**Student:** 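My structure is below; once you've seen it, I'll send some questions.
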Amino acid sequence: MTFVNQIINGLHVGSIYALIALGYTMVYGIVKLINFAHGDIIMVGSYTAMVIMTELTGLPLWVGLLIAMLAAMLVCTTFGVVIERVAYKPLRNTQRIAALITAIGVSLLLQNIAQLIFSPNSLPFPVAIRVPPVAIGEMTISFITLLTITVSVLLMLGLQAFVHKTKIGKAMRAVSEDRDAAQLMGINVSTTISVTFAIGSALAAMGAVLYSTAYPIIIPTMGAMPGLKAFIAAVLGGIGVLPGAMLGGFLMGVAESLTNGYISSQWGDAVVFGILIVVLLVKPSGILGRRTSEKV
Amino acid sequence: MKKKVRSYIINIVALVLLYSLAMYLIGNGTIGRYYMGIILTAGISVVMAVSLNLTTGILGQLALGHAGFMAVGAYAAALFTIHIGTEPQAIFPISLLVGGLVAAVFGLVIGVPALRLKGDYLAIITLGFGEVIRILITNLEFTGGARTLRGIPRVTTFSYVFVMVVLVVAVMFTLGRSRHGRAILSIREDEVAAEASGIPTTYYKIFAFTLSAFFAGMAGGLFAHYVGVLDPKNFGFIRSIDYLVMVVLGGMGSITGAVGAAIVLTALPELLRGFSDYRMLVYSVMLILMMLFRPSGLLGTKEFSLTALIDWVLRRKPEAEIEAVEAEQVFATRHKPALLEARDLGIQFGGLKALDSFELTIEPGEIVGLIGPNGAGKTTVFNLLTNVYVPTFGSIELEGKSVVGLPTHEITQVGIARTFQNIRLFKNLSVLDNVKIAYHNQMQTTPVEGTFRLPRHWREERLANARARELLHVFGMGEMAAKDAKNLPYGQQRKLEIARALATNPKLLLLDEPAAGMNPTETQELMDTIRLIRDSFGVAILLIEHDMRLVMGICERLVVLDYGQIIATGTPDEVRSNPKVIGAYLGA
């Protein structure tokens, strides 16, 4: 594996982390909650896609994948919105730690439901795309890698435009800045928060399908690790800042891939957490984050 | 005192009974291996939850890496036992201590950098450290790595766990109710106000965090010698979360709540073993429902008290805690009042000079007013004098000694106390405790003396109580000592803040808009109080105020600020007729 290949691998994983990190960062930006259940939304997305693809055996594989992806987005969006309404909304005005614990509860609940339905054992994810690798000059890049990076970048650009150019995007920015003031300006805060969860979950569904295509084994607890890493990516880039989540995701992916390639795969996670600690100590608000200080 | 003794006796008798009962049941075989396992696990969980409660519930800092300290303690204790070799039974207590100490060292090394962060960032960095510890253990040779560490003598017995639980809980209660415990609580309530009341907040954060790691390490030692095999996978992020759930479910800050929740949450999944497929499902649903319907946890911040329960059962009225007030003056020996000199003081935020060439001299016992339109830089002056902001240029001297760059709590110690524009009380603590926290630096009880309640602890507590009550009495708040600060009416809250500032024994008192939001009667009372403070406590006062009746009525000298510059100084009459001042206020 050449250095360039390692970088490209890193961008591949990194773009998936970035997609998931966007969900964390949007939710944190708007309700100041570390949504621990976000990782498990990935799991929900993967299982949904798997079920659809095993059911739709008659169709060409890529059509199946497309339908599976849409279905996963639909299911995840529903889950995200319902979870927010049922489990987080009632706690919006209490201590923040109560919502954090509820999020942990939801995470456990999703994992256990999946265990009951699909058993705790791992299942193979049907690999849909068998396209030969693309050759660029002397090196070859697998089609999945290319697809993942392209899709992620497009989605991120789309999200950025959505948040900055549309009315609901403006509402989202307003609510994250000051919920009470936004309400006084006639913005429906609950709807805005629901939309935020919906978008975050839809992106997680995309991330889930792309992740499972890359690592085609799914188990009920599969969301924990990519979820945690995506979360770190969000913190790294500056939590609450959309471009920060993308930057953080790519950096995490590349750092992990280089460690795996040149040091040892056992130390990959240590490097990831090490970077997190250093960034928090040097610039706690993250690479692109804004500094805030308390007024006395 | 009598009440305390009664309480000690009740608790000791209860513990002895509980222990004897357990030993009897173990002896006759009623508690078999299976139940013993649950009991030991529950006991270890109690130690973990209670120690985490110190960081998260009492100090108020969210930590997500507590299992990391448990892991460090477990491996340190286990390796110690294994390498010393002979007589594991005999050296077990030392192993536990080694586990605790090594974990405490980790706590210190991690705490020093990490505790500079707050809230979610602290949570994330502790998560990071916890994971790094786990990964290190997995990849190092001498820990057995991912192949697990085997052959640890299984010497953890019920007695060890029982003693450990009692020890940790007792220390939490005694230390928690000493001046050190109050200092830690004050940080949870309001860090800025704690610092302004003379509490070295950084020291106490690290102290509490390290102590918490120490106990987690001891729990780890118990765990290692109970299971006999250590696998780094056991100490992941999820385990930290498990303990956090116990703390939150029990009620953040409630020690007995943490004990109860740890027992219930350890025993519950075991009892549900009958429907093993659904038990984790039930557990997660219960967790969500608990939080939705009781977000403050089972006990909230309350504590379960056996003594109170017995009193209630016997329908006895709890004895009012009347303590002999000895008027001896051990602390609060008043020194000669201040002389403050600020020269050419200024601060720049980016391109904005919030304050420039500020000059101020305050003579002993003077009452000086600092006035000016909104945004003139008045509160900035206070923030510079107490080093909440560091001045860009200029000097501040108190009695000829520079105070620039001293941490806020040290400035309080040398004699400058302040109140805040938007009241910053320790809201969930009693009125009495609010004042007692400010006596922190005038007391000498060490953590050890506080934990074991040695004579100095009692002597100083009695005095602090007496002096705090006396002070509250001066402010006409004697009746409210037991109320939570958050339940006071607004005017009383302002007064309490002044009382708290006075309790630090200042030479100079800075009052930031003391009359804001008060009605004319309350303002009149306040004027009397301020004069009283100067006359009977001999304190010089610098006050910011918009209420001109108050300013003109009590200040001997005024300094007028506008756009960060002094535009006038002099007696109230001189300032009143100064055309620049009139211009600044009326826009001429």
Side-chain angles (χ1 to χ4, degrees), chain A residues 28 32-34 36 83 86-91 93-113 115-116 120 221 224-225 228 231-232 234-235 239 264 266-281 284-286 289 293-296, chain B residues 56 62 113-114 116-125 127-132 134-136 138-139 145-146 191-192 196 236-238 241 244-245 248-249 252 277-297 379 382-383 386 388-389 420-422 424:
Chain A
Y28 188 88
K32 299 283 173 292
L33 165 73
I34 302 175
F36 270 105
I83 289 169
V86 176
Y88 305 154
K89 194 181 166 197
L91 295 171
N93 296 317
T94 53
Q95 291 173 306
R96 278 170 48 203
I97 192 157
L100 186 78
I101 301 289
T102 317
I104 293 165
V106 172
S107 162
L108 285 174
L109 181 65
L110 291 179
Q111 287 176 20
N112 283 289
I113 293 175
Q115 273 188 23
L116 283 179
T221 52
M225 228 23 193
L228 192 56
F231 173 63
I232 294 174
V235 176
I239 194 145
S264 119
Q266 277 150 9
W267 291 101
D269 289 351
V271 169
V272 165
F273 288 108
I275 293 176
L276 172 78
I277 291 170
V278 172
V279 168
L280 282 177
L281 290 179
S285 50
S293 62
E294 193 185 4
K295 197 161 160 31
V296 176
Chain B
T56 300
L62 184 54
R116 293 185 305 152
L117 303 176
K118 292 191 181 97
D120 293 338
Y121 291 112
L122 179 70
I124 298 156
I125 201 166
L127 187 161
F129 276 116
E131 288 296 286
V132 167
R134 183 181 57 82
I135 296 163
L136 281 178
T138 314
N139 291 317
E191 211 176 318
V192 175
F237 163 62
I238 299 298
I241 293 290
L244 180 68
V245 167
V248 178
L249 216 56
M252 297 255 287
D277 284 349
Y278 295 94
R279 70 190 178 115
M280 287 310 288
L281 198 69
V282 173
Y283 175 85
S284 55
V285 171
M286 279 181 44
L287 193 60
I288 298 169
L289 292 180
M290 264 297 300
M291 280 296 109
L292 287 180
F293 293 105
R294 217 173 149 75
S296 57
T379 299
F382 275 22
N383 285 338
T386 53
V388 173
Y389 298 150
F420 297 89
Q421 195 173 334
N422 35 1
R424 306 189 78 132

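Given the structure is predicted, the values throughout are model-derived calculations rather than measurements. Just so you know, these numbers use all the heavy atoms, side chains as well, and skip hydrogens, waters and symmetry mates. In what follows, chains are A, B, ... by sequence order, proteins preceding strands, each numbered from 1.
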**Student:** For the ring pair B:F237 and A:F36, is the centre-to-centre distance below 6.0 Å?
**Tutor:**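 Between A:F36 and B:F237, which both carry aromatic rings, the centre distance is below 6.0 Å.
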
**Student:** Chain B heavy atoms under 4.5 Å from A:L276: which part of the residue, side chain, backbone, both or neither?
**Tutor:**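 Just its side chain gets close to chain B.
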
**Student:** Within the 4.5 Å heavy-atom criterion, are A:F273 and B:I125 side-chain neighbours or not?
**Tutor:**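 Result no, sub-4.5 Å side-chain heavy-atom pair not found.
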
**Student:** If every non-hydrogen atom of B:S284 is compared with every non-hydrogen atom of A:L108, which pair is closest and at what distance?
**Tutor:**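 Taking every non-hydrogen atom into account, CB-CB, 3.6 Å.
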
**Student:** Is any side-chain heavy atom of A:D269 closer than 4.5 Å to one of B:E131?
**Tutor:**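 Contact flag for B:E131/A:D269 side chains = no.
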
**Student:** Quick check: closest heavy atoms across A:I97 and B:L244, and the distance to 0.1 Å?
**Tutor:**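 Closest approach of A:I97 to B:L244, heavy atoms only: CD1-CD1, 4.3 Å.
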
**Student:** So for A:T102, is it side chain, backbone, both, or neither that comes closer than 4.5 Å to the heavy atoms of chain B?
**Tutor:**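 Answer is both: backbone and side chain atoms of A:T102 are under 4.5 Å from chain B.
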
**Student:** Relative to chain B, which segment of A:L228 carries a heavy atom at a distance below 4.5 Å: side chain, backbone, both, or neither?
**Tutor:**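 Side chain of A:L228 only, per the 4.5 Å heavy-atom cut-off to chain B.
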
**Student:** Is there side-chain contact between A:L100 and B:V248, with heavy atoms separated by less than 4.5 Å?
**Tutor:**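 Counting from C-beta outward, A:L100 and B:V248 never come under 4.5 Å.
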
**Student:** Chain A heavy atoms under 4.5 Å from B:L117: which part of the residue, side chain, backbone, both or neither?
**Tutor:**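 Answer is side chain: those atoms of B:L117 sit under 4.5 Å from chain A.
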
**Student:** Using a strict 4.0 Å threshold on nitrogen-to-oxygen distance, state whether A:R96 and B:D120 make a salt bridge.
**Tutor:**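 Salt bridge flag = yes for B:D120 with A:R96.
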
**Student:** Check each atom of A:I34 against the heavy atoms of chain B and say whether the ones under 4.5 Å are side chain, backbone, both or neither.
**Tutor:**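 Contact with chain B is through the side chain of A:I34 alone.
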
**Student:** Non-hydrogen atoms of chain B under 4.5 Å away: do they reach the side chain of A:L280, the backbone, both or neither?
**Tutor:**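 A:L280 touches chain B through backbone and side-chain heavy atoms alike.
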
**Student:** Between B:P295 and A:T94, what is the shortest heavy-atom contact and its length?
**Tutor:**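 Closest approach of B:P295 to A:T94: CG-CG2, 3.9 Å.
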
**Student:** Take B:R116 and A:L281 through the side chain to side chain contact (heavy atoms under 4.5 Å, CB included) test and state the conclusion after the steps.
**Tutor:** CA-CA 8 Å; B:R116 293 185 305 152; A:L281 290 179; 3.9 Å; yes

**Student:** Could you please spell out the steps behind the side chain to side chain contact (heavy atoms under 4.5 Å, CB included) verdict for A:I239 and B:Y121?
**Tutor:** CA-CA 10 Å; A:I239 194 145; B:Y121 291 112; 3.7 Å; yes

**Student:** For A:P90, is it the side chain, the backbone, both or neither that has a heavy atom under 4.5 Å from a heavy atom of chain B?
**Tutor:**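 Answer is side chain: those atoms of A:P90 sit under 4.5 Å from chain B.
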
**Student:** Which atom names give the shortest non-hydrogen contact between B:M291 and A:L91, and what distance separates them?
**Tutor:**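 Closest heavy-atom pair between B:M291 and A:L91: O-CD2, 3.5 Å.
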
**Student:** Would you mind checking which part of A:V235 comes under 4.5 Å of any heavy atom in chain B, side chain (CB onward), backbone (N, CA, C, O), both or neither?
**Tutor:**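 For A:V235, side-chain heavy atoms alone lie under 4.5 Å from chain B.
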
**Student:** Between B:L249, B:L287, B:N139, which residue shows the highest count of heavy-atom pairs closer than 4.5 Å to chain A?
**Tutor:**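 Looking at each of B:L249, B:L287, B:N139 in turn, B:N139 comes out on top.
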
**Student:** Is A:L116 close to chain B through its backbone or its side chain, or both, or neither, when contacts mean heavy atoms under 4.5 Å?
**Tutor:**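 Contact with chain B is through the side chain of A:L116 alone.
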
**Student:** Using non-hydrogen atoms only, which part of B:I241 is less than 4.5 Å away from chain A: side chain, backbone, both, or neither?
**Tutor:**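 Side chain only.
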
**Student:** Report which part of B:M286 has an atom under 4.5 Å of a heavy atom belonging to chain A: side chain, backbone, both, or neither.
**Tutor:**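 For B:M286, neither part sits under 4.5 Å from chain A.
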
**Student:** How many angstroms lie between CG in A:L109 and CG in B:L281, if you round to the nearest 0.5 Å?
**Tutor:**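 Separation between the atoms: 5.5 Å.
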
